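Presented below is the structure to which this report refers.
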There are 2 protein chains.
Amino acid sequence: MAPRNQRSDALSKERIVETAIELLDTGGEAALTFRALAARLETGSGAIYWHIADKSELLAAATDHLIAGVMAGVVDEATPQAAIRTVALALFDAIDAHPWAGPQLFRDPGRSAMPLIFERIGAPLMALGLGGQTLFDSASALLHYILGVAGQNAANPRLVPDEADREAFLGRVAAQWLQLDAQAFPFVRQAATQMRDHDDRAQFLFGIDLILAGIAAR
Amino acid sequence: MAPRNQRSDALSKERIVETAIELLDTGGEAALTFRALAARLETGSGAIYWHIADKSELLAAATDHLIAGVMAGVVDEATPQAAIRTVALALFDAIDAHPWAGPQLFRDPGRSAMPLIFERIGAPLMALGLGGQTLFDSASALLHYILGVAGQNAANPRLVPDEADREAFLGRVAAQWLQLDAQAFPFVRQAATQMRDHDDRAQFLFGIDLILAGIAAR
DNA sequence: ACCTGAACACCGTTCAAGT
DNA sequence: ACCTGAACACCGTTCAAGT
């Protein structure tokens, strides 16, 4: 058997992380096991631990890698508002395509993904003239809203090729909401009728604009 | 050995769920195993499956139970804005005390926890005169913001008796942010200096008010 | 220094057997 | 109808042994 440590494609943290992302994209979080990863990398499961501390760090590193790529691809915009909308939509689409990353964004705010996102939200607000506590609190509000939608999206089946699964999912939720008591749940029952053909992306942007309008109104 | 199925405290879904919440509150999500749960309930691990489909349903049922209790305790308020603030803060404090429930809120929007929350947000907006798409989108924005903060809180160590752990956590995040490049991260570095003594609860309310102001400005 | 892969401790879940 | 608890299939992680 050829010694692995002399191959040109030797193990490295980057190669491990990229392979992990492939497994996550293909089969979701359940598909990422050290055994599957080792098999794909043609190595022993223990070898991975030489480069990565544990599974928690592996998932965090995969998220950092993904977000860094997304953020690097975001183009500059003319206005601060447009810049915030563009970054927000880029994140929305990234979680749409890689739903496993949604819950990860909540984990460790010190890691690289979080500062990358936070800077892209806060810098435009500075350009708008915000500062001090208002700046910090406004940026945090936008960040939390974006993460909240990301987390929700990660739970929904959105990345199906055809729209059938998504329709079925929304239809099931709407049906459950319509079964609620009309006296106790007037709003939710009305919302149920709007569920099936609502545009997630437009609704997401509406919320961004709501927060931006709130900032402008101060 | 006395037969279990004749005791007055026989197994029931409610007793299982309440015991599960005790384990979750005491030791976090890792402490909830079917073996630990069965030991605490003085039964076999398989007996639980007679009442609960699987672990996913157990966690969802625990969350529903928790949120139902929280929502039942929320008092009515004079104005729609006050009602929304009160519900939001009640959820904030509930996740603060039971951080394991944060990620669960993202799971299944059809379950009872989600409609309970959504109704309490949407009904006051209806009272404000909102309707149609604007009503649905505005309520969704508030919901996503609240869930985003809840998810973030669940990841942070907040429920420690003394403030030492929280201080250490925020200090560590701030230190990591201060190590970033000054040219590339002007905002994040400034935010780092505000991290240690910021008031999570006040910042959360600031975001709620920002969205409410955005709604009012439309 | 880096890799191998068996072994360990632990899960969720099932199911034949009991009462 | 409900409970028991061993058994199964599967994890993450460790570590003595290799190169």
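Being a predicted model, the structure only gives us computed values, none of them experimental. Here is how names work: the chains are called A, B, and so on, in the same order as the sequence lines, proteins then strands, and each is numbered from 1.
Straight-line distance from the OH atom of B:Tyr49 to the C1' atom of C:dC11: 9 Å, rounded to whole Å. Atoms CD1 (B:Ile52) and P (C:dT14) sit 14 Å apart, rounded to a whole Å. The distance between atom CZ of A:Phe34 and atom P of C:dA6, rounded to the nearest whole Å, is 18 Å. Distance CG (B:Leu59) to C1' (C:dT13): 15 Å, rounded to an integer number of Å. Here the C1' atom of nucleotide D:dG5 and the CD atom of B:Glu42 are 16 Å apart, to the nearest Å. One interatomic measurement links the two molecules: CG of A:Leu37 to P of D:dG12, which rounds to 10 Å at whole-angstrom precision. One interatomic measurement links the two molecules: NZ of B:Lys55 to P of D:dC10, which rounds to 18 Å at whole-angstrom precision. For B:His51 and C:dT13, the NE2 to C1' distance is 16 Å, given to the nearest whole Å.
Residues B:Glu22 and B:Arg40 are paired through a salt bridge, judged by an N-O separation under 4.0 Å between the basic side chain and the carboxylate.
Enclosure of atom CG in B:Asp76 is not indicated, since only 12 or fewer non-hydrogen atoms of other residues, nucleotides or ligands lie within 6.0 angstrom.
Between A:Ala47 and A:Arg35, the residue anchored closer to the 5' end of DNA chain C is A:Ala47, taking for each the nucleotide with the nearest heavy atom. Remark on DNA chain D: of its neighbouring residues B:Ile48 and A:Ala53, the 5'-side contact belongs to B:Ile48, judged by nearest-heavy-atom nucleotide.
Base pairing annotation: D:dC15 forms a Watson-Crick or G-U wobble pair with C:dG5, both donor-acceptor distances under 3.5 Å.
Among the atoms of the strands shown, only primed sugar atoms or phosphate atoms (P, OP1, OP2) are found under 4.0 Å from some heavy atom of A:Leu32.
Side-chain nitrogen and oxygen atoms of B:Trp50 include none within less than 4.0 Å of the OP1 or OP2 phosphate oxygen of D:dC3.
The backbone N or O of A:Asp96 lies less than 3.5 Å from no partner atom in the side chain of A:Asn153, so there is not a single donor-acceptor pair.
A 4.5 Å side-chain heavy-atom check between A:Met114 and A:Leu147 finds at least one atom pair inside the cut-off.
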